[in-house]
Participant: 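Input: one structure, supplied below.
Letters A, B, ... are given to chains in the order of the sequence lines, protein chains preceding strands, and every chain is numbered from 1.
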Amino acid sequence: MPELPEVETIRLGLQKYLVGHVIESIDIRLPKMVSGEAKRVKDTKVQAIRRYGKGLVIDFANNYSIAIHIKMTGQLIYQGPRSSLRPVPSGTGLRSSGQAKVSREKVGNLPGPHTHVIFRLNNNSFLYYNDIRQFGWIKIVPTNDVSSLPFFKDLGPEPLSNLTIDQFSSIVKAVKSPIKPLLMDQKKIAGIGNIYANEALYLAKIHPKRQPSSLSDPEIKTLFDAIENVLKKALETGGSSEWQYVNALGQEGSYQKIFQIYGQVGKKCKICGATIQKITLGGRGTFFCPACQRLA
DNA sequence: GACAATGTTACAGT
DNA sequence: CACTGTAACATTGT
């Protein structure tokens with residue numbers, strides 16, 4: 001699911017296959033998914049792919065950009081020659097070409113019934129935007145305007161790059177909502193969603209309902225480290241493909257195979273053997289070990 | 001049929 | 001205005 005590790009994995013794929021190429025045509029099958037003038041990003045080179053939290057930005061040489069949010073069920077899938085103009089770092093879960101195993105179950109033939117936008121590129125390749133629930137959006141805007149778009153405007157710091165422990169500590173101490181909704185608040189910290197909030201709190205042995213102001217400094221540091229460890233591990237394994245998520249080549253990640261707490265209701269805690277419980281918090285499914293993650 | 005599903009976002013209430 | 005909590009968006013699967 002598209003949280004920071006999943007969106008970053010997609011970004012690495014798009015960077016590898018799109019940069020340097022040119023969009024020749026854009027087929028918008030579901031107009032409500034797209035805003036702005038599509039013609040602005042035709043016939044100009046893709047320069048870079050950026051990610052902020054769970055948002056993606058494709059920058060073009062003419063200073064226009066495509067901003068994309070795939071929300072819960074969006075997929076961005078590249079089909080075409082796998083010639084790369086720049087290397088992809090290893091250990092990112094993006095399997096090398098040749099060995100690629102596209103998830104037929106999650107992708108199917110393209111375009112499919114949930115393909116809403118099709119980009120055709122100059123090297124005989126295609127980028128498909130699929131989205132079952134149609135919650136996502138694609139916005140074509142001048143590059144300078146991206147940072148003032150509603151989603152990007154108020155985005156908090158990046159947990160894997162510019163978030164410091166001091167900053168995290170002051171954010172935590174200032175908030176009155178329980179700790180789990182805080183972790184998922186994109187305005188406070190960018191990129192953490194329901195799965196990794198659950199996993200990080202379990203790893204840090206902190207109850208999802210704990211009041212942030214009640215956390216000790218060591219607990220805050222432990223949580224800070226847990227967030228980093230969980231997100232890095234998820235990146236290494238290509239993200240979680242519990243539902244629709246696949247990378248830019250249509251391949252699944254494997255982090256869902258090592259979920260410690262998310263979705264594990266009724267199973268035994270691997271640390272203490274207690275039965276994992278599920279509650280609803282902030283409208284989201286919340287999983288925790290009642291023994292390891294105590295409220296008091 | 002009821003319910004839940006990775007995420008924002010608009011709205012109501014304090 | 002700032003903050004917090006809840007429902008809504010649309011579709012699929014159990």
Side-chain angles (χ1 to χ4, degrees), chain A residues 1-10 29-33 35 51-56 67-76 93 103 105-108 112-116 129-139 149-156 170-201 208-213 230-231 234-235 237-247 252-266 278-287:
Chain A
M1 332 342 205
E3 300 182 30
L4 188 155
E6 290 77 23
V7 179
E8 177 65 9
T9 302
I10 293 171
R29 301 183 162 201
L30 188 60
K32 72 166 184 176
M33 307 296 307
S35 67
R51 178 194 58 75
Y52 297 98
K54 303 168 194 170
L56 280 170
I68 304 171
H69 201 302
I70 65 174
K71 295 288 182 79
M72 294 209 268
T73 56
Q75 298 175 327
L76 277 166
S103 173
E105 184 191 342
K106 288 184 179 15
V107 179
H114 302 295
T115 300
H116 305 312
Y129 181 70
N130 302 333
D131 194 341
I132 289 179
R133 288 171 75 174
Q134 305 170 17
F135 286 177
W137 44 252
I138 295 174
K139 300 178 181 183
L149 288 174
F151 171 79
F152 295 96
K153 180 163 54 79
D154 299 316
L155 209 50
S170 57
I171 290 168
V172 165
K173 288 173 177 172
V175 170
K176 287 182 181 136
S177 70
I179 186 67
K180 179 164 173 272
L182 182 157
L183 294 182
M184 296 170 63
D185 185 343
Q186 304 302 299
K187 292 172 178 160
K188 301 286 192 300
I189 304 161
I192 302 171
N194 198 27
I195 288 176
Y196 301 117
N198 275 294
E199 294 289 321
L201 287 168
K209 287 174 93 166
R210 280 284 296 279
Q211 290 305 124
S213 58
V230 164
L231 294 179
L235 245 184
T237 55
S240 305
S241 292
E242 182 82 347
W243 285 280
Q244 281 79 13
Y245 168 73
V246 289
N247 70 19
E252 294 184 34
S254 62
Y255 194 85
Q256 70 280 4
K257 294 176 183 170
I258 55 169
F259 283 162
Q260 301 298 298
I261 197 79
Y262 181 85
Q264 307 300 302
V265 60
K278 180 185 183 186
I279 58 173
T280 297
L281 181 55
R284 323 300 298 190
T286 298
F287 303 85

Participant: Would you classify A:Y262 as touching base, sugar-phosphate or nothing, given that sugar-phosphate means primed atoms plus P, OP1 and OP2, and contacts are heavy atoms under 4.0 Å?
Facilitator: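 Since only primed, P, OP1 and OP2 atoms lie under 4.0 Å of A:Y262, the category is sugar-phosphate.
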
Participant: What dot-bracket string describes DNA chain B from 5' to 3', counting Watson-Crick and G-U wobble pairs whose defining distances are under 3.5 Å, with [ ] for crossing pairs and | for pairs to another strand?
Facilitator: .||||.||||||||

Participant: Nearest whole Å is fine: how far is B:dA5 P from A:L281 CG?
Facilitator: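 Spelled out: CG on A:L281 to P on B:dA5 is 12 Å.
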
Participant: Expressed in angstrom and rounded to an integer, what is the separation of A:E242 atom CD from B:dA5 atom P?
Facilitator: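 Atom-to-atom, A:E242 to B:dA5, this comes out as 11 Å.
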
Participant: Please check this pair: side chain of A:Q186 against backbone of A:M184, looking for a donor-acceptor N/O pair closer than 3.5 Å.
Facilitator: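 Judged by distance alone, yes, a pair lies under 3.5 Å.
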
Participant: With a 3.5 Å cut-off and no angle check, do the side chains of A:E6 and A:Y196 form a donor-acceptor pair?
Facilitator: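 Distance-only check passes for A:E6 and A:Y196.
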
Participant: Does the A:T9 side chain pair with the main chain of A:N247, one donor and one acceptor, at a distance under 3.5 Å?
Facilitator: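 A pair under 3.5 Å: no.
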
Participant: Could you check A:K278 against A:G55 and say which one's nearest nucleotide on DNA chain B is further toward the 5' end?
Facilitator: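 The residue mapped nearer the 5' terminus is A:K278.
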
Participant: Hey, what's the ring geometry for A:H116 with A:Y129, parallel, tilted or perpendicular (30° and 60° as the breaks)?
Facilitator: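 Plane angle between 30° and 60°, so tilted.
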
Participant: What contact category does A:G283 fall into here, base, sugar-phosphate, or nothing, at under 4.0 angstrom with non-hydrogen atoms?
Facilitator: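 No contact.
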
Participant: For nucleotides 9-14 of chain B, give me every protein contact, N/O to N/O, under 3.5 Å, one pair per line with atom names.
Facilitator:
from  : atom 1 : to     : atom 2 : distance (Å)
B:dT9 : OP1    : A:W137 : NE1    : 3.3

Participant: Under the salt bridge (Lys or Arg N to Asp or Glu O under 4.0 Å) test, which residues partner A:R284, sequence neighbours left out?
Facilitator: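 Expected list: none.
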
Participant: I want to confirm an ordering. Mapping A:A174 and A:R133 to their closest nucleotides on DNA chain C, which one lands closer to the 5' end?
Facilitator: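 Here A:A174 is the residue nearer the 5' end.
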
Participant: Starting from P on B:dA4, measure out to CG on A:N198 and report it in whole angstrom.
Facilitator: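 My rounded result for the distance is 15 Å.
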
Participant: Can you tell me if A:K106 and A:S241 form a side-chain donor-acceptor pair at under 3.5 Å?
Facilitator: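 There is no such pair (donor and acceptor under 3.5 Å, judged by atom type) between the side chains of A:K106 and A:S241.
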
Participant: Could you check whether any side-chain heavy atom of A:S103 comes within less than 4.5 Å of a side-chain heavy atom of A:E252, counting everything from C-beta outward?
Facilitator: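 Touching, per the 4.5 Å side-chain cut-off.
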
Participant: Is A:G285 touching bases, backbone alone, or none of the nucleic acid, heavy atoms closer than 4.0 Å?
Facilitator: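 Contact class for A:G285: sugar-phosphate only.
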
Participant: Within this structure, what is the CZ-to-P distance between A:R284 and B:dA4, rounded to whole angstrom?
Facilitator: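 Rounded to whole Å, this separation is 12 Å.
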
Participant: Check whether any side-chain heavy atom of A:F259 lies under 4.5 Å from a side-chain heavy atom of A:N198, and answer yes or no.
Facilitator: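 Of all side-chain heavy-atom pairs linking A:N198 with A:F259, none is under 4.5 Å.
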
Participant: May I ask you to say what A:K32 touches in the nucleic acid, namely base, sugar-phosphate or nothing, with a heavy-atom cut-off under 4.0 Å?
Facilitator: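 Sugar-phosphate: the residue A:K32, judged by heavy atoms under 4.0 Å, touches backbone atoms but no base.
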
Participant: The criterion is side chain to side chain contact (heavy atoms under 4.5 Å, CB included); which residues satisfy it with A:V175, sequence neighbours excluded?
Facilitator: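 With neighbours one apart ignored, the set is A:S177, A:L182, A:K188.
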
Participant: Rounded to whole Å, please give me the gap between CG in A:D185 and P in B:dT8.
Facilitator: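 Whole-Å distance recorded here is 10 Å.
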
Participant: So where does chain A start and stop touching DNA chain C, 5' to 3', when the test is distance under 4.0 Å to a non-hydrogen atom?
Facilitator: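 First-to-last contact on DNA chain C, by the 4.0 Å heavy-atom rule, is C:dT4 to C:dT12.
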
Participant: Return the set of residues passing ring pair (Phe, Tyr, Trp, His ring centres under 6.0 Å) with A:F151 (not counting sequence neighbours), or none when no residue passes.
Facilitator: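 Applying ring pair (Phe, Tyr, Trp, His ring centres under 6.0 Å) to A:F151 gives A:H69.
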
Participant: So, A:Y255 versus A:Y262, ring centres under 6.0 angstrom or not?
Facilitator: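 No, too far apart.
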
Participant: Measure CG/A:D154 against P/B:dG7 and give the value in whole Å, please.
Facilitator: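 Result: 18 Å.
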
Participant: Heavy-atom distance under 4.5 Å between the side chains of A:K32 and A:Q134, does that happen here?
Facilitator: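 In short, these two side chains touch, coming nearer than 4.5 Å.
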
Participant: If the P atom of C:dA10 is compared with that of B:dC11, how far apart are they to the nearest Å?
Facilitator: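 It works out to 15 Å between them.
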
Participant: Round to a whole Å and report the spacing from NZ of A:K188 to C1' of B:dT8.
Facilitator: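 Atom NZ in A:K188 sits about 15 Å away from atom C1' in B:dT8.
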
Participant: Could you tell me how far apart A:I70 (CD1) and B:dG7 (P) are, to the nearest whole angstrom?
Facilitator: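 These atoms are roughly 10 Å apart.
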
